[in-house]
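Atoms within a ligand are numbered from 1 in the order they appear, just like the ligands themselves.
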Amino acid sequence: MDDDVFLVRFWGVRGSISVSGPEFCRYGGNTTCIEMRCGKHTLLFDAGSGLRPAGGALRASGVTDFDLLFTHCHYDHIIGLPFFAPIYDWSVKVTLWSGHLAGRMTTRQMVDEFMRPPWFPVKLDICKARLDCRDFVSGDVLRPREGVVVRTGSLIHPGGCIGYRVEWGGRVVAVITDTEHEPDKLDQAVLGLIEDADLVIYDCTYTEEEMERRRGNGHSTWQQGVKLCEAAGARGLALFHHDPTRTDEELDEIEKLAKDRFAGAFAARDGQTLKFPVSLHKKR
Ligand SMILES: [Zn+2]
Ligand SMILES: [Zn+2]
């Protein structure tokens, strides 16, 4: 394990619904799931269908105590949870976090509601792992593990959604999905979460050309991601939450356009890993 590296691995980069087929092979078809390793600490963001292969990898590398943070609970962000092998393992402890339903439903209730008949054959109590459910309110600063700081903020999305800023070892990675920007406006909450970030993982479901027809769906564009990153002094931009109809060729083209505008931009792919060397003495 690299103790001096902040590792980001994309297990699912697709939005709305998982896809398969030859036209989606290179970027992948699993819905949202991101792994971050801050030295020996493992954090997962969202439980889309990408959570299933993430579970296999965690098992293979002997990780038995980790955090899973939800941005929100639309299907594409939770559908992988019942198929996440570690929750059926006695030796595992998972700390689950959510804040988008604050005052309406606890994290425990959210997971209970989702994993039960008639939606799923068995109830949550079949899980053998220790599930420690935590609730927070948007704006809270979380400290899930020693030295790891997670700042939270509200995104613009039907039903609510949380954006995260993860700070560890002098590095910053932000998860900003799902969110809809207002025309000709930069969201101050997002700017705060992504300021000076090494990597911004941003909801790029649509292009600006498509956006007018898609208003109200709660998503954004790569063009808006570029503007936000430029304004916030962020260095990397991962185009994320790809529209389910977007083929590999179309994503190649979008990636090229985005890179021309912002050198640190790329279209995220399932299985892709990024490593940021850290300075463990530097605090931010
Ligand atoms: Zn989504
Ligand atoms: Zn959503």
Counting backbone and side-chain atoms alike, is an N, O or S atom of H157 positioned under 2.8 Å from the Zn ion (ligand 2)? yes

Geometric class of the H77/H72 ring pair [parallel <30°, tilted 30-60°, perpendicular >60°]: tilted

Cluster companions of Y27 among Ile, Leu, Val, Met, Phe, Trp, Tyr (side-chain spacing under 4.5 Å): L251

Give a yes or no on whether the backbone of R26 and the side-chain of D248 come within a donor-acceptor separation of less than 3.5 Å. yes

Under 2.8 Å from the Zn ion (ligand 1), how many protein N, O or S atoms can be found? 4

Pair H100 + H74: ring centers closer than 6.0 Å: no

Could you check whether the rings of F83 and F120 sit parallel, tilted or perpendicular, using 30° and 60° as the cut-offs? perpendicular

Parallel under 30°, tilted from 30 to 60°, perpendicular over 60°: which one fits the rings of F240 and F10? tilted

